[in-house]
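First comes the structure, then the notes that go with it.
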Protein chains: 2
Amino acid sequence: MPEAVQSAKTKKQIVSEFRQSEIITAARRVFAEKGYIAATVDEIAALATLAKGTIYVYFESKEQIYNAVLEDDLEALRALTLEKIAAAGTAREKISAYVNARFKYCEERRDFFRIMYIEPSGSPVLSKAKAREWLREPVRQLTVAIESAIAQKLIRPWPAEILAWTVADLTTGALQRRLVTTPATTAREDADFLINFINAALHPRQVEHAHAEN
Amino acid sequence: MPEAVQSAKTKKQIVSEFRQSEIITAARRVFAEKGYIAATVDEIAALATLAKGTIYVYFESKEQIYNAVLEDDLEALRALTLEKIAAAGTAREKISAYVNARFKYCEERRDFFRIMYIEPSGSPVLSKAKAREWLREPVRQLTVAIESAIAQKLIRPWPAEILAWTVADLTTGALQRRLVTTPATTAREDADFLINFINAALHPRQVEHAHAEN
DNA sequence: TTAGAAATTGACTGTATAGTCATTTTTTTA
DNA sequence: TAAAAAAATGACTATACAGTCAATTTCTAA
């Protein structure tokens with residue numbers, strides 16, 4: 001009965017995945033609230049209404065749980081961002097799409113952004129550097145679009161890759177600020193400001209009279 | 001002999017401050033390398049060539065050492081930044097001064113920036129939020145300068161405070177990127193890019209045709 | 001219905017390290 | 001130079017918590 005075996009195995013997998021996602025959900029909350037160090041596996045277990053031992057059936061270590069939480073969200077964010085960028089036409093629109101996708105995901109997934117931006121992570125494996133790696137592809141897409149727009153003289157000839165990373169920095173910074181302080185402005189306003197600000201800087205004009213100062 | 005007593009007390013204070021700064025220097029290195037959690041007081045003691053007990057004569061806890069390290073650097077950075085901003089004339093120059101001061105301090109104090117930007121800090125007391133608080137004053141100074149420049153129509157009427165924070169975000173993001181990756185560009189190039197980028201966006205032109213998209 | 005498999009449990013262990021304090025070393029002073 | 005004060009020491013303690021595993025409960029299937 002190969003089919004039956006197959007089905008049994010699948011069911012087992014499904015249960016396993018369900019447990020894992022239960023644990024990840026609980027862990028996300030706890031990590032966001034306490035940070036990696038202060039979060040205890042006992043607390044995650046309690047929130048998931050599971051015994052600690054069960055956690056260790058599905059994950060090998062606290063660190064692995066942490067990585068699973070981040071990878072889960074990073075992958076979703078990456079997919080969403082790439083999708084929105086791909087759907088946008090011009091370079092400017094792709095930049096808007098990038099900013100808007102991040103803002104949207106941040107609203108929806110507060111806990112994840114807390115972990116990423118505020119939180120004293122402490123995981124030696126999935127460091128900020130690795131997270132950056134994960135988010136590299138969207139920036140690469142922006143870079144390509146920007147290069148092409150520059151070639152068409154649609155935007156000012158800034159160094160494309162640095163510009164793309166700058167868009168990312170701008171977005172990250174604004175989101176971080178919204179998480180840390182009580183924002184006086186709406187997310188929409190902040191996103192629009194960024195988009196307009198970037199667009200203003202992209203405007204193809206004569207080079208400014210600016211020099212390096214200090 | 002009140003003077004003698006006075007002098008003795010002062011000497012004691014001097015020795016105490018010297019020890020504290022020795023400890024802070026060692027701790028800065030260890031925290032930057034290992035992060036708050038992984039750093040041990042034993043290691044800090046070893047690097048300072050002191051016994052652990054001595055550390056606890058001058059500091060109450062590991063957390064207090066960590067806070068002392070950050071406060072030390074934050075205060076220095078704040079002072080440097082404010083000084084450079086004050087010395088600059090126009091709003092644009094003040095923005096340049098801000099960016100350049102940060103870049104310069106980052107070059108000189110790698111370890112501090114590692115702790116601030118990369119490091120899984122984990123200190124519950126001096127959080128990222130508190131650090132932001134510390135750096136608020138320079139941003140306020142920028143805000144004031146920007147407001148006045150806008151009133152004189154020297155720069156485009158962006159919301160001044162948001163713009164000032166955006167300058168800070170841009171700088172932080174670029175510095176963070178330089179710490180995490182092996183930068184292909186020089187610090188000077190990165191700083192100049194930022195300054196030119198911001199200046200381009202400040203240029204007082206008609207409002208762009210940009211709308212909120214998506 | 002029940003035997004056996006699978007999943008779950010939580011009390012327990014081992015370890016790492018923050019923080020202590022009785023003892024030793026160094027400095028002061030008379 | 002010796003007695004007292006101050007500073008430094010590092011072996012030790014107390015604790016918190018990650019990770020384990022024998023025992024128990026729940027599920028499966030014949």
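Proteins get letters first, then strands, A, B, ... in listed order; numbering begins at 1 in each. These numbers were taken from a predicted model, which means no experiment stands behind them.
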> If you look only at pairs with a residue in residues 161-170 of chain A, which of them pass as a salt bridge (charged side-chain N to carboxylate O under 4.0 Å, His left out), with sequence neighbours excluded?
Replying inline: D169(A)-R177(B)
>> Can you measure Q20(A) atom CD to dA7(C) atom P for me and round it to whole angstrom units?
In response: 13 Å
>> Measure CD1/I14(A) against P/dA7(C) and give the value in whole Å, please.
In response: 14 Å
> dT8(C) C1' sits how many Å from F18(A) CZ, rounded?
Replying inline: 15 Å
> OP1 or OP2 of dA7(D) less than 4.0 angstrom from a side-chain nitrogen or oxygen of R19(B), does that happen here?
Replying inline: no
> What one-letter contact string describes nucleotides 17-24 of chain D from 5' to 3', where B marks a base within less than 4.0 Å of any protein heavy atom, S marks contact via sugar-phosphate atoms alone, and - marks no contact?
Replying inline: SBBBB---
>> In whole Å, I'd like the distance from the NZ atom of K34(B) to the P atom of dA18(C).
In response: 12 Å
Enumerate, atom names and distances included, each donor-acceptor pair closer than 3.5 Å involving a side-chain atom of residues 22-31 of chain B, sequence neighbours excluded.
| unit_1 | atom_1 | unit_2 | atom_2 | d |
| --- | --- | --- | --- | --- |
| E22(B) | OE1 | R19(B) | NH1 | 2.8 |
| T25(B) | OG1 | S21(B) | O | 2.8 |
| R28(B) | NE | D73(B) | OD2 | 2.8 |
| R28(B) | NH2 | D72(B) | OD2 | 3.0 |
| R28(B) | NH2 | D73(B) | OD2 | 3.4 |

> Roughly, in whole Å, what's the span from CG in L50(A) to C1' in dA11(C)?
Replying inline: 17 Å
>> Can you list everything that forms a side chain to side chain donor-acceptor pair (under 3.5 Å) with E83(B)? Sequence neighbours excluded, please.
In response: none
Pair up each side-chain donor or acceptor in residues 37-47 of chain A with any protein partner under 3.5 Å, not counting sequence neighbours, and list the distances.
| unit_1 | atom_1 | unit_2 | atom_2 | d |
| --- | --- | --- | --- | --- |
| T40(A) | OG1 | E43(A) | N | 3.1 |
| D42(A) | OD2 | K52(A) | NZ | 3.2 |
| E43(A) | OE1 | K34(A) | NZ | 3.2 |
| E43(A) | OE2 | K34(A) | NZ | 2.8 |

> Between E107(A) and K104(A), is a salt bridge (charged side-chain N to carboxylate O under 4.0 Å, His left out) present by the stated rule, with each step listed?
Replying inline: CA-CA 5 Å; E107(A) 297 273 280; K104(A) 181 158 171 259; over 6 Å; no
>> Under the rule for ring-ring contact (aromatic ring centres under 6.0 Å, His included), what residues qualify as partners of W158(B), not counting sequence neighbours?
In response: F193(A), F197(A)
>> So, OP1 or OP2 of dA7(C): does either fall under 4.0 Å of a side-chain N or O from Y58(A)?
In response: no
> Within this structure, what is the CD-to-P distance between E43(B) and dA18(C), rounded to whole angstrom?
Replying inline: 10 Å
